[in-house]
J.: 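So that we are looking at the same thing, I have put the structure below in structure tokens.
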Amino acid sequence: MVFPPLCHACRAFIPGAGRLHLCPACLRDVRSIASPLCTFCGVPFQTPGGMDHPCGSCVISPPRYSAARAALSFHGVARDLIHHFKYDRKVHLARPLTLLASRALTPFVISTGAELLIPVPLHRRRLWERGFNQAVLLGRPLAKLWGIPLVVDNLRRIRRTEPQVTLSAAERELNVRGAFAMANPAAVEGKRVLLLDDVYTTGSTVMECSRVLRKGGAAELYVVTLARAVAG
Ligand SMILES: [Zn+2]
Ligand SMILES: [Zn+2]
């Protein structure tokens, strides 16, 4: 056996590991993002029940994409798995993470009619340091599953940016401003594009990518992320 049946998150032995390799306790901690949520940015509302509708901040300043959705709430076990995947080079975690993402996101992705899947790029220096782009690793199996071509060489990060983690929303926006460019805008012209990233925090990165892709002539822009920061 390549992997012993241990929980990816807590290393507990799980005889009936299934495809996810998460023990029941860890799996219970993984929260999917569900309706009611903002029809644009996908933020879930705290009050249960009711219809999806635009949130206050999307009404005040409509996003540059048509809609964004995330699979999981970025906390607890889900956050730990994403951190291990990204920063501790546990690339095998791409498998449970894409399984969790596909379960939650497939109906939305089908509804978008997306023609291209574009992972948010890393700067080549960051790529060299990390050794992989987490969004590309997630994108490969998801592109296959969704039957959408994965395009990794068109959208590029042309400027090295500070890590966003400690920055405020306004600082994040400034930090990524002008950080992306397209190698071949003609390839997205008139196309319905699906952007993929690991975590949606304030949306500044995908917003800036969306701006560049729209300028390049993309007809529609949608965003999917593995997880989303959720208040409370
Ligand atoms: Zn566990
Ligand atoms: Zn919103």
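Just so it is clear, the structure is predicted and the values come from calculations on it, not from any experiment. Numbering of ligands and ligand atoms starts at 1, following listing order.
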J.: Around E173, counting heavy atoms of other residues, nucleotides and ligands shown, do more than 12 lie under 6.0 Å from its CD?
T.: no

J.: Should the heavy atoms of other residues, nucleotides or ligands under 6.0 Å from CD of E171 be counted, would the total exceed 12?
T.: yes

J.: Using 30° and 60° as the class limits, which term best fits the ring planes of F45 and H53: parallel, tilted or perpendicular?
T.: parallel

J.: Do L6 and I14 touch side chain to side chain, with heavy atoms closer than 4.5 Å?
T.: no

J.: Return the orientation label for the Y200 and Y65 ring planes: parallel under 30°, perpendicular over 60°, tilted otherwise.
T.: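 The arrangement is perpendicular - the two ring planes meet at more than 60°.
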
J.: According to the interplanar angle, ranging from 0 to 90°, do the rings of H8 and H21 count as parallel (below 30°), tilted (30 to 60°) or perpendicular (above 60°)?
T.: tilted

J.: For the Zn ion (ligand 1), which protein N/O/S atoms fall under 2.8 Å? Skip waters.
T.: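 Under 2.8 Å from the Zn ion (ligand 1) - ignoring waters, which are not counted - the protein N, O or S atoms are C7 SG, C10 SG, C23 SG, C26 SG.
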
J.: Quick one: angle C41 SG - the Zn ion (ligand 2) - C55 SG, to the nearest 10°?
T.: 120°

